[in-house]
Amino acid sequence: MPKNQPIANVYSARCPSRRVMAVLAEKWTLLVVAQLDNGPMRTAEIRRSVDGVSEKMLIQTLRKLEAFGLVSRRSYPELPPRVEYRLTPLGRSLARLAGLFGRWVERNVASLLKANEGSRAA
């Protein structure tokens, strides 16, 4: 960490890391990042691979990821226009965590849903 940079603390409401956490916790962020770990993709490819995301939400998510340096966007001077998104090195490090998180959810979904049903019955 460079000198004069305050220590990040995601538990502090004043810490700028909270802004990053808020973006990462959004509904589509980790799913999009995990899919991009497979390599560069066009918007339509991402939409097909992340079932349920609207084009509007996907574009908003990609813009936020790009703003935080997790995704890069490349436009090709072609007709029709072609745009590809790819993970940056920082994004690839997040993709590994997103993949682990997704696999954890898949392995534990039955137990989580069972616990959730039990809490609603109480």
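This is a predicted model, so every value here is computed, not measured. Residue numbers run from 1 in the order of the sequence given.
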Worked verdict on Leu31 versus Val53 for side-chain contact (heavy atoms from CB on, under 4.5 Å):
CA-CA 10 Å; Leu31 296 171; Val53 67; over 6 Å; no
Please evaluate residues Ser49 and Met41 with respect to the criterion side-chain contact (heavy atoms from CB on, under 4.5 Å), reporting the C-alpha separation (whole Å), side-chain torsions for both, the decisive distance (0.1 Å), and the verdict.
CA-CA 10 Å; Ser49 66; Met41 297 175 85; 3.6 Å; yes
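- Atom CD of residue Glu106 and atom CZ of residue Phe101 lie 11.0 Å apart, to the nearest 0.5 angstrom.
- No hydrogens or angles considered: a donor-acceptor pair under 3.5 Å links the side chains of Arg73 and Ser75.
- Side-chain N or O atoms of Ser93 include one that pairs as donor or acceptor with a backbone N or O of Leu90 at under 3.5 Å.
- With values rounded to the nearest 0.5 angstrom, Arg42 atom CZ is found 13.0 Å from Arg74 atom CZ.
- Hydrophobic clustering (side-chain heavy atoms under 4.5 Å, transitive across Ile, Leu, Val, Met, Phe, Trp, Tyr) keeps Trp28 apart from Leu97.
- Among all heavy-atom pairs drawn from Asp37 and Arg92, the shortest one is OD1-CG, 4.3 Å.
- A donor-acceptor pair is defined here as one N or O able to donate and one able to accept, closer than 3.5 Å; such a pair exists between the side chain of Arg18 and the backbone of Tyr11.
- No side-chain donor-acceptor contact under 3.5 Å links Ser17 to the backbone of Ala8.
- For the pair Leu24/Leu94, a side-chain contact is recorded, criterion being any heavy-atom separation below 4.5 Å from C-beta on.
- Atom-to-atom distance recorded for Ser54:OG and Gln60:CD is 7.5 Å, nearest 0.5 angstrom.
- Residues Val83 and Tyr76 have side chains not in contact (no heavy-atom distance under 4.5 Å, counting atoms from C-beta outward).
- Between the CD atom in Glu45 and the CG atom in Leu36 there is a gap of 10.0 Å [rounded to 0.5 Å].
- When atom types are taken as modelled, the side chain of Arg103 and the backbone of Gly99 share a donor-acceptor pair closer than 3.5 angstrom.
- Val71 is not listed as a side-chain neighbour of Thr88, based on a closest heavy-atom distance of 4.5 Å or more.
- Put simply, the side chain of Asn116 never gets that close to the backbone of Leu112: no donor and acceptor are under 3.5 Å apart.
- Ile46 has its side chain within reach of Leu62: a pair of non-hydrogen atoms, C-beta onward, lies under 4.5 Å apart.
- Counting heavy atoms from C-beta on, the side chains of Val10 and Val20 never come closer than 4.5 Å.
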Please step through side-chain contact (heavy atoms from CB on, under 4.5 Å) for the pair Leu58 and Glu55, ending with a clear verdict.
CA-CA 5 Å; Leu58 177 57; Glu55 179 141 3; 5.7 Å; no
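- Under a hydrophobic-cluster definition in which Ile, Leu, Val, Met, Phe, Trp and Tyr are linked whenever side-chain heavy atoms come within less than 4.5 Å, directly or via other members, Trp104 and Val33 are assigned to the same cluster.
- Remark: side-chain polar atoms of Asn108 are not paired, donor with acceptor, to backbone N or O of Val105 under 3.5 angstrom.
- For the atom pair OH of Tyr85 and CG of Leu70, the computed distance is 14.0 Å after rounding to the nearest 0.5 Å.
- Evaluation of the salt bridge (Lys or Arg N to Asp or Glu O under 4.0 Å) rule for Arg86 yields Glu84 as partners, not counting sequence neighbours.
- Side-chain contact between Arg19 and Phe68 is present, with heavy atoms from C-beta onward closer than 4.5 Å.
- Counting non-hydrogen atoms of neighbouring residues, nucleotides and ligands closer than 6.0 angstrom, the CZ atom of Arg63 reaches no more than 12 such neighbours.
- Side chain of Glu117 to main chain of Lys114: no donor-acceptor pair is present (N/O by atom type, distance under 3.5 Å, no hydrogens or angles).
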